[in-house]
Structures are given as structure tokens and as C-alpha cells.
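Presented below is the structure to which this report refers.
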Amino acid sequence: MSAVSDRLPAFPWDKLEPFKATAAAHPGGIVDLSVGTPVDPVPELIQKALVAAADSPGYPTVWGTPELRDALVDWCGRRLGALDLTHRNVLPVVGSKELVAWLPTQLGLGPGDTVAYPRLAYPTYEVGARLARAEHVAYDDPTRLDPEGLRLLWLNSPSNPTGRVLPAEELARIVAWAREHGVLVLADECYIELGWEADPVSVLHPDVCGGSYEGIVSVHSLSKRSNLAGYRAAFLAGDPAVLGDLLQVRKHGGMMTSAPTQAATAAALSDDTHVREQRERYAARRAALRDALVGHGFRIEHSEASLYLWATRDEPCWDTVAHLADLGILVAPGDFYGPAGAEFVRVALTATDERVRAAVERLGSR
């Protein structure tokens, strides 16, 4: 029996450890801009909701409480412009990475089926295909793919790592093509509330889906917009037939979000004030880091949304990683996200104001 891990590539972040050690040895300490993990406090109203639900001795439901489902439906209508959603159109999940990794398996994909994802992409899309023993293919334009055997098409707007935003007309064209060929569209929209130079649009918006959710599901996370990465709070919205099947699979697998997390998620989605405040923090950090990188000789591409700057000095990405590590700054090499990123690095905005100031000073000193 072969180990499941044999199907997987080497874990990319392990390759960054020597550069992390170099950056940590800097006299001023490391500025870690490599992983997009939140560093700001969890908003008080969310913490209070979690604590209030802490006495939860019974099993939670996989579908979530009615209050949570109400909050999911309301948020999708209010923030995404989705029309006429019901509880059948939403499903909470245990963090979006778990969903991405296991979705092909839960959908019943396997040998002979193909999963497609962008040329520059979150590595877990490929991991999910490998776990299911399905084929995988990267694309520049998904409508140029051979639809034969293509079962799952990942979209990612705003993009991780590039921050690129797909306009509504482009999303509509892709959704129409996928429906024509019977391909399920999964839209990873975890950064949709973090648009800077563009206004991201959801596949659930009527301008994209035409008012029908057939064949489309969007993925959302509270990790970035509400600083809840530690809560593992995420959800799906879209095609009720697809979500109904997933609900049954996940019931059998016991894949349930904890009851306190469900209460905290409902509270988080009901409040927009803390999201605006967090956006302001990220906007200030983004402006400071962008100016410093450009002044240091970098070129920024895309990056019109999300929590990252996609930057290059037109050299191999690992040379850039080494150069910045010598300054005590750790970033992610672009080839983590595919060969097309070989001359780029991804710079996260998720560091404290003090650490961002340190990075800016170091970039300005050379």
C-alpha cells in the first residue's frame, strides 16, 4: 500500500527555512512577509460571540445553525449582490484550505477526471487533484482547455498570489463556457473584500451568473477580512444541488465547524465596521511597502487587490529571496505558485505596523 503522501509534491515552505534563518539573524529582527497570516486582534464583538457560545457540550451540525445560515445568506446578498439565496445555497466549512484540498475527493473525482486552475495559483488546487488521483492542468484562458474529462474548474479572483482581478464580463464569459460543457466552476473569492485599484465581482452576481447558480460555487473565508485564521471559519455559496451532495458527504465524515466558531462567524458577517477598519490598516501597509519596493528597484505587477504585492527585479526569484533575507525581510518565492512565477516574489501585507516600518527603512537604506 502506497502512502497518500507519495502523491503529493514536496511541501514548498520547507525550502524557505534557510532564508528564514538568515532573516532572523538580522540585528533588527525578522520582518516576515512570506505567509499571509493575520497579526491584528480579533474584533471584540467576535470574541464576545465566541465566549457566549463556549458552553456547547453537544455536537454541532454540519450545515450550521439556522442563525449562521441566515448570516451567510444575508452577507452574500448584501456584499456580493447575490439574489434570492436560501439556506440550500450555503454551507459552512472548516476553513477554506481544507475545502480546496478535499473537494475533488468529496465530489467523487478520480482517474480520468481533470481539475484545472490558473497558471499562477494557490498550490492546494493541485494538491486536491493529486489526493483524488485526478489529472490536473494549469491554464491562462480556461476556455481554451479541452473540456473532455474536465470536471472542476478553479477560478481565483482576486488572485493569490498576483492580486489580479477578473472583470465581470470575463467571469461571465468563462461561466457561460463552463455551463456549455458541463464543467463545475469553483470560484475562490477569499480576498473579495480587499480590492484596492479594482472592485472585485463575485460569480454569484447576476451580471456574471445571469441570476442562476447552476454549475457555480463560490468559496469565502473570514481569515483575512475578520482576522479569523485561527478560527477556521469559511463557507460555500452557490448551486444547491452541489452543496446538497457535499452536505451529505460531510455529514458522514463529521466535517463540522465548532459551535462557538459558528456563533462567531455569524457575528462577524453581521458587522461591516470591523472590516472597514481592517481594510484601512492593510491599505496603509500596502502603500508603504509598495513605495519602498518600487524605490528599491522592484516592479509591481497586478496587485490591484488581495493581501499581497507581486513584485520582481527581473531575476530568479530565489536570488530576490536571498537578497531580501540579507535585509532581514522574508518573502515567498514566486515559483511556489507555478513556473510562471520564477522571477517574482509575493510580499504579504500581514505584518504589524512596526514591522512594516522596519521593512520600509531597510529597503530605503540600500
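In this chain, residues are counted from 1 in sequence order.
Taking the centre of each ring, Trp196 and Tyr282 stay at or above the 6.0 Å mark.
For residues 16-29, no residue pair satisfies the side-chain hydrogen bond (donor to acceptor under 3.5 Å, both in side chains) rule, not counting sequence neighbours.
In terms of the ring-ring contact (aromatic ring centres under 6.0 Å, His included) criterion, residue partners of Phe344 (sequence neighbours excluded) are, by chain and number, Trp310. Ala234 pairs by the side-chain contact (heavy atoms from CB on, under 4.5 Å) definition with Val93, Ser96, Ser221, not counting sequence neighbours. For Asp314, the side-chain contact (heavy atoms from CB on, under 4.5 Å) criterion is met by Arg299, Thr312, Glu343, not counting sequence neighbours. Looking at residues two or more places apart in sequence or on another chain, you find no salt bridge (charged side-chain N to carboxylate O under 4.0 Å, His left out) involving Arg232. Residues passing the ring-ring contact (aromatic ring centres under 6.0 Å, His included) test with Tyr191 are Tyr308, sequence neighbours excluded. The ring-ring contact (aromatic ring centres under 6.0 Å, His included) test applied to Phe336 returns Trp13, Trp318, not counting sequence neighbours. The ring-ring contact (aromatic ring centres under 6.0 Å, His included) search around His87 returns none, not counting sequence neighbours. Considering only residues two or more places apart in sequence or on other chains, Pro123 meets the side-chain contact (heavy atoms from CB on, under 4.5 Å) condition with Tyr337. Applying the side-chain contact (heavy atoms from CB on, under 4.5 Å) rule to Ala168 yields the partners Val201, Val208; only residues at least two apart in sequence or on another chain are considered.
Follow the hydrophobic side-chain contacts under 4.5 Å out from Val90 and you never reach Val219; the two are in separate clusters.
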Could you walk me through whether Leu363 and Leu327 pass the side-chain contact (heavy atoms from CB on, under 4.5 Å) test, one step at a time? CA-CA 8 Å; Leu363 290 165; Leu327 297 178; 4.2 Å; yes
Check: residues 100-112 side-chain donor-acceptor pairs under 3.5 Å, at least two apart:
from: Gln106; atom 1: OE1; to: Arg250; atom 2: NH1; distance (Å): 3.4

Which atom pairs, one a donor and one an acceptor, fall under 3.5 Å between side chains of residues 50-61 and the rest of the protein, sequence neighbours left out?
from: Ser56; atom 1: OG; to: Ala53; atom 2: O; distance (Å): 2.4
from: Thr61; atom 1: OG1; to: Gly64; atom 2: N; distance (Å): 3.1
from: Thr61; atom 1: OG1; to: Gly64; atom 2: O; distance (Å): 3.2

